[in-house]
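Comments concern the structure below.
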Number of protein chains: 2
Amino acid sequence: MKNTRVTRAALGRLPAYLKFLKSLPEDSGKYISATRIANGLGYGEVMVRKDLNAASGEGKPKIGYVTEDLIAVIEEHLGLQKKSLAVLVGAGKLGLALYDYSGFEDYGLEIAAAFDNNPERTGQLPSGKTVLPVSELCGFCKERNIKLGIITVPRSSAQDACDALIESGITAIWSFAPKTLTVPDGVLVQYENLALSLAHINKQTSLLSEQSDHTD
Amino acid sequence: MKNTRVTRAALGRLPAYLKFLKSLPEDSGKYISATRIANGLGYGEVMVRKDLNAASGEGKPKIGYVTEDLIAVIEEHLGLQKKSLAVLVGAGKLGLALYDYSGFEDYGLEIAAAFDNNPERTGQLPSGKTVLPVSELCGFCKERNIKLGIITVPRSSAQDACDALIESGITAIWSFAPKTLTVPDGVLVQYENLALSLAHINKQTSLLSEQSDHTD
């Protein structure tokens, strides 16, 4: 695997490339060109070349990539050869929606367990999955060497959840709580502000309609 | 209001500026400087100056901004003077989590109603809010002149939901379904791929740990 940074946008397209490559008929030859992939998916050729180059290096001029190798390298980028497990703290509505969301599989990700401090929320869910008490978080993570944590608790308990995750050996946190978290060096935090996403769309569309008002 | 584009990151900080300005004691004078705001919030001064400049224009040298005016302009950017309503299609787990999420208020946004095709999902929720049948979507939106739509249905029904929103006069769509939507010119679509967000964090943290493996 090439060790360059595949951009977030390119990463988002890798599942589509993979699906396309895997759907090729068996007699379609050993090689595949970026042009053929671009045409098959209706993507721009320049973008496809850039994506594949970042993921796998340049293809052979006029020949392209060995299909099998390209599949392997994309699967590696997507982490499909070795599933990554995550834990989630906060089994409220949003937490349970994420816990049940099947789309993580496309990226080799799985939320292995959800945790909550509220005893009314722990136990088995209708889906068969289980919500565990936060007291079991540390043992659970260390036993399975889990490094990814998701925070879906309210603002007021976000730092506590964060501290519990860090004590459990988590090194990357995805937080939905609208609060800046204090973490030691080497721990990655990414904030997800859903309200801000909608506000941003609203703002863009107001600007567009203002512009068209001016030009009308 | 200055008509420049406030970046998404700056927009994300406006609620903090607003909260700070509103918490100033009454005897704190007519003016406020960017330096004082930066110190009060623990933000970098350069960033604060840039944010306020984009939102309101430059302050007076050595004096700063008229506090009252700055409050008004930030409220205008956040759309707090006139609440923006949105509708949501797909009252599954994620849809209901969003429908119930209180964080939208900070940005003057409100999900006015949720809609679903499944009769088992329509009716009153424990929160008191209501899920309506999709057949009522068009009338609901047109009556209230709603322009913002959220899609939280599965991939297979995303285009149908999108078509129904467009028929209802929606011009900006926020879609959580992993599917490219076909929309007429002038309609803005923003995709939210939650699985991709987690995959991206996972990838960043793997790269970081690889780097530290090499330097150890």
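A, B, ... follow the sequence lines: proteins, then strands. Residue 1 opens every chain.
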Q | Note, A:R13 side chain near A:M47 side chain (heavy atom, < 4.5 Å) | A | yes
Q: Answer with side chain, backbone, both or neither: which region of A:D100 has an atom nearer than 4.5 Å to a non-hydrogen atom of chain B?
A: side chain
Q) Under 3.5 Å, is there a donor-acceptor pair between the B:T130 and B:Q124 side chains? A) no
Q.
Let's test your reading of the structure: which of A:S197, A:A199, A:S84, A:G95 forms the most heavy-atom pairs below 4.5 Å with chain B?
A. A:S197
Q. Chain B: which of A:V187, A:L198, A:L96, A:L11 shares the most heavy-atom pairs with it under 4.5 Å?
A. A:L198
**Q.** Inter-residue atom distance A:R155.CZ - A:K179.NZ, 0.5 Å rounding
**A.** 8.5 Å
Q: Could you tell me which portion of B:L109 (side chain, backbone, both or neither) has an atom closer than 4.5 angstrom to a non-hydrogen atom of chain A?
A: side chain
Q: Pick one of side chain, backbone, both or neither for B:E192, based on which atoms fall under 4.5 Å of a heavy atom in chain A.
A: side chain
(Q) Aromatic contact between B:Y191 and B:F176, with the criterion being ring centroids under 6.0 Å apart: yes or no? (A) no
Q) What part of A:L148 gets closer than 4.5 Å to chain B, counting heavy atoms only: side chain, backbone, both or neither? A) side chain
(Q) Cation-pi check for B:Y101 against A:K93: NZ or CZ below 6.0 Å from the six-membered ring centre and within 45 degrees of the axis, yes or no? (A) no
Q: Tell me, out of B:N193, B:T171, B:L194, who's got the most heavy-atom pairs with chain A below 4.5 Å.
A: B:L194
Q) How many angstroms lie between atom CG of B:L88 and atom CD1 of B:I150, to the nearest 0.5 angstrom? A) 5.0 Å
Q | Contact origin within B:L94 toward chain A - heavy atom pairs under 4.5 Å | A | both
**Q.** Top of B:K147, B:Q190, B:R8 for chain A proximity - count of heavy-atom pairs under 4.5 angstrom
**A.** B:R8
Q: Compute whether any side-chain donor of one residue and acceptor of the other, for B:Y17 and B:D51, lie under 3.5 angstrom apart.
A: yes
Q: Examine whether an atom of B:L98 lies under 4.5 Å from a heavy atom of chain A, and if so say whether it belongs to the side chain, the backbone or both; otherwise answer neither.
A: side chain
